[in-house]
Amino acid sequence: MKNLASEIKTHFDLVIFGGDGDLSFRKIYPALYYRLLEKQISTEDRILALARKKLTNEEFGAVLKAELSKHIESLDEKILANLLSIITYKVVDINNSKEATGIKKYFEKKGDRVRAFYLATPASIFGQISSFLGQLGLINDNSRVVLEKPLGTDLISSEEINDKVAQYFKESQIYRIDHYLGKETVQNLMVLRFANNIFERSWNAQEIDNIQITVAESLGVGTRGNFYDKYGALKDMVQNHLLQLLCLIAMEPPITLDADQVRDEKLKVLKALRPFTKETISTDTVRGQYTRGKTKEGHLPSYLEDIDKYDSSTETFVALKTYIDNWRWSGVPIYLRTGKRMPHRFSEIVINFKHVPHNIFPEKKEIDNNKLTIRLQPEERIELQQMVKIPGPGGYRYKPFSLELDYADHFNDRFPDAYERLLMDVVRGNQTLFMRRDEVKASWEWVESILKNWKSEKVPNILYEAGTKGPGDLIMDEARAWVKSRHILKVQERKTDED
Ligand code: BG6
């Protein structure tokens, strides 16, 4: 990332609402620390952390240092001191005009800089914060606003939030975060597809049998139970992260990387997604909730124990089969699945190519299909499965092998966290990796076809034990069973060896 340092010429003021919140400590400040370390930002830039907790600047500095050391191994004292020197902490209550005056003063001397407002707060107050900034006269042509997900709990609430923010900021000033778009391996989907000619020729319904996207998490809901229970896996993960991955896999080549060109293409995918009906909702979707489970490390609590409630119909797992109804993808099933408390944390995309049309080999053993596996995390890798002749006599005996590109073998550098890239893009004014309003709307429209039919058809949660793989196989016919990635098999083998 070093070579990008010279690109950032503009100095900026970053104002973080929710400056003492979990997201800020886990993601935003560490991202700023690393960008300072890489000299992409400097001590000319300024950060204003706004929160309601009464702390002095010094007290906040001490809290921040303690928090950063939880997330960053061997903190560099000089970089930390630089970071602290550019952060000002201010107590703010957006309903209190006296405190607001202090914020106005902060900007008085430094007029002509990029001014980014990062709203790391619940989306329900995005409108209020925008109006607060508008009334203080702090929004100018150099201003940008960053909105954290989830943007609402359904189509209507999401539209309401977008409407309110739009009264103060133009669409070209609004940066809606989906942090998956900032991940290195997700950005590589563009390069894989559009800088390699061999794939594009066969990237269609004629050559591809099915596509599978999985984002599995081994953790449960942890301390976020209250929040999570209002959303569930569909709204928390599918509506945004999984659909964005699908867009990058399925979209037509954009003309350029210009933000609107890319987002136009993603939007077309979202609009072509086949909505669910009361006939398909039970056959093509599965929802689940984790119960107590057991691993080698010990017992795992159930979802209800995690959220401390007797009952909840919120799903912690969802798997579904959908289609993109356009020329390129007609008839190709797309399987999406995500869940908490799965056996392993891994995100991957599998492109299953069709089988060869006719087997000419005498052995007549099944010829496995070519398969492109893109492992997004935690170990970044790409595998291309192909059939290979087993050397030696005995005629044509064959077996599947994979060409493997393991990032760790080729790239030694630390991969910047998604937030580092996204924050810098806000400063640069590049919206390519952020969701446009019509994308958010189209994805909610499709998600609503699931929500509505889950409700009317009373689709129940299937219980699965924490630490197991969930009920996703229910929507797969055998031939398309969720792929057990070679890598997972390896990890399991290693574990058994150690036992
Ligand atoms: C967030 C969800 O958007 O993404 C969380 O709200 C989830 O529930 C997280 O755990 C997963 O992100 P990552 O980067 O750890 O895969």
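As the structure lists them, so they are numbered: ligands from 1, and atoms in each ligand from 1. All values below come from the heavy atoms of this structure, side chains included, with hydrogens, waters and symmetry mates left out.
Under the rule for a side chain to side chain donor-acceptor pair (under 3.5 Å), the partners of Asp178 that lie at least two apart in sequence or sit in another chain are His241. For Arg52, there are no salt bridge (charged side-chain N to carboxylate O under 4.0 Å, His left out) partners at least two apart in sequence or on another chain. Under the side chain to side chain donor-acceptor pair (under 3.5 Å) criterion, Glu148 pairs with Tyr118, Tyr419, not counting sequence neighbours.
The one candidate from Thr373, Asn210, Asp209 that meets the side chain to side chain donor-acceptor pair (under 3.5 Å) condition with Asn352 is Asn210.
Taking a heavy-atom cut-off of under 4.0 Å, ligand 1 is surrounded by Lys149, His179, Tyr180, Lys183, Glu217, Arg224, Asp236, Met237, His241, Lys340, Arg345, Gln377.
A salt bridge is defined here as a Lys NZ or Arg NE, NH1 or NH2 lying under 4.0 Å from an Asp or Glu carboxylate O, and Arg436 with Asp264 meets this definition.
For the pair Glu383 (side chain) and Leu405 (backbone), a donor-acceptor distance under 3.5 Å is absent.
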